[in-house]
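The block underneath contains the structure these notes are about, expressed in structure tokens.
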Amino acid sequence: MRLPLRLLVAPTLLALLGTTPAVAAPEDWRRVGTDARGGISGIAHEGAGALVVHDNKRTGQQRLSRLTYAEGPATLAPLSWAGAEPSDLEAIEAVPGAPGEYLALAARGIVYRIEVDGTTATVLDYTPLPAIGEGDDFESFALVSRDGKLAALWADRGAGTDRPATLYAAPLSFASWGQVLFGAVSQRIHRSTYPTDAGTRHISDITVTDSGRILVGSASDAGDDGPFDSAVSDAGRVTLSAAGRVRISLDAAPKVLGTFPGYKIEAVECLPGTGDALLGTDDENTGGFVRTAPYCGA
């Protein structure tokens, strides 16, 4: 892939902002898709691999795949989808304490509770997010587990200089019949430190470290053929009390951990037992790529 001039100028711009994150080398990325249907919009860790969602919208197009990336070339294996078919899946997260269960989020705010068994994902239930704001467009979802309590984080991605992202958080539980239930919602505004142009999506995904740090992907999208740009930043912290109260605090100037000119990161997932994050891109007509980066340590 031919990299844009931004690869040369990004470090200088970031130095002016008072931070000097590393610009990743292009050879660190491994291709997993070759066109707009093969990009990665969200990642959830699964055993030795991961599950990824695709933002396809037409009936019968692929919604979910299994990613193998540990050794050799990264590969995607399609999974079948049984039940109500979502449009534009943008995030997926494993449910703590429930092996094989995941929550997947569509862009307009519908949460699908699914069970994955072998090569089939079965929809158990689905429900809208609470407190959806006017114009909200969601690309991120994360779960936090502490002392048997759960909380969910999700965000409207924002748009350019006039609309920052809105990060939402709420306690989460499940009804006896399987429905996802949300508690009282809190929200905070987040504006990307990098990128900052008119095509910026201030939050393109969220993951939470073991210590409660909130890591976010941010991406710039100029259209289906790019150019693209993105970064991963340390945005703040989330706490979840023993009583189930969730609190988020965001930094006024998020610390940029790494920049990725030429790529549009839409998936960030801390890998359990490591200090690494697994990153995935949806580069539209160019396809998708994955790589790891050491962002999830203490």
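In this chain, numbering begins with 1 at the start of the sequence shown.
Considering Ile114, Val180, Asp125 in turn, Val180 is the only one that fulfils the side-chain contact (heavy atoms from CB on, under 4.5 Å) rule with Leu103. Results of the side-chain contact (heavy atoms from CB on, under 4.5 Å) test with Val144 over Leu150, Leu153, Ile214 single out Leu153 as the only residue that passes.
Scanning for side-chain contact (heavy atoms from CB on, under 4.5 Å) contacts around Ala235 gives His190, Val216, Leu250, with sequence neighbours left out. Looking at residues two or more places apart in sequence or on another chain, you find a side-chain contact (heavy atoms from CB on, under 4.5 Å) between Arg157 and Asp137, Glu139, Arg201. Applying the side-chain contact (heavy atoms from CB on, under 4.5 Å) rule to Ala48 yields no partners; only residues at least two apart in sequence or on another chain are considered. Listed by chain and residue number, Arg163 satisfy the side chain to side chain donor-acceptor pair (under 3.5 Å) test with Asp156 (two or more places apart in sequence, or in another chain). Under the rule for a side chain to side chain donor-acceptor pair (under 3.5 Å), the partners of Arg113 that lie at least two apart in sequence or sit in another chain are Glu101. Annotation: side-chain contact (heavy atoms from CB on, under 4.5 Å) contacts of Ala184 (sequence neighbours excluded): none.
Within the structure, the ring-ring contact (aromatic ring centres under 6.0 Å, His included) test picks out the following pairs touching residues 110-135 (sequence neighbours left out): Tyr112-Tyr126. Under the side chain to side chain donor-acceptor pair (under 3.5 Å) criterion, no residue pair touches residues 236-253, with sequence neighbours excluded. Screening residues 145-260 for disulfide bond (SG atoms under 2.5 Å apart), with sequence neighbours left out, gives no hits. Every pair tested for disulfide bond (SG atoms under 2.5 Å apart) that includes a residue from residues 94-177 fails, sequence neighbours excluded, so the list is empty. Listed by first and then second residue, the disulfide bond (SG atoms under 2.5 Å apart) pairs involving residues 108-220 amount to none (not counting sequence neighbours).
Side-chain N/O atoms of His54 and Ser41 include no donor and acceptor closer than 3.5 Å. For Ser80 and Thr120, the side-chain atoms include at least one donor-acceptor pair closer than 3.5 Å. Donor-acceptor pairing under 3.5 Å is lacking for the side chains of Asn285 and Asp224.
Using a 4.0 Å cut-off between charged nitrogen and carboxylate oxygen, Arg37 and Asp35 count as a salt-bridge pair. Salt-bridge check for Asp283 with Lys264: failed, with every basic side-chain N at 4.0 Å or more from each acidic carboxylate O.
If you take NE2 on His45 and OG1 on Thr207, they are separated by 11.5 Å, rounding to the nearest 0.5 Å.
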Between Val208 and Leu215, is a side-chain contact (heavy atoms from CB on, under 4.5 Å) present by the stated rule, with each step listed? CA-CA 6 Å; Val208 178; Leu215 306 186; over 6 Å; no
Trace of the side-chain contact (heavy atoms from CB on, under 4.5 Å) decision for Asp282 with Ile40: CA-CA 5 Å; Asp282 182 359; Ile40 294 175; 5.7 Å; no
If you apply the rule side-chain contact (heavy atoms from CB on, under 4.5 Å), what do you find for Val52 with Ile92, and how did you get there? CA-CA 7 Å; Val52 305; Ile92 185 169; over 6 Å; no
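Note on ring orientation: taking the six-membered ring where Trp is involved, the planes of Tyr168 and Trp154 are parallel (angle under 30°, cut-offs 30° and 60°).
Cation-pi geometry between Arg63 and Trp81 is not satisfied (NZ or CZ under 6.0 Å from the ring centre, within 45° of the ring normal).
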In residues 169-179, what donor-acceptor pairs under 3.5 Å come from side-chain atoms, sequence neighbours left out?
| residue | atom | partner | partner atom | Å |
| --- | --- | --- | --- | --- |
| Trp177 | NE1 | Gln179 | OE1 | 3.2 |
| Gln179 | NE2 | Thr127 | OG1 | 3.4 |

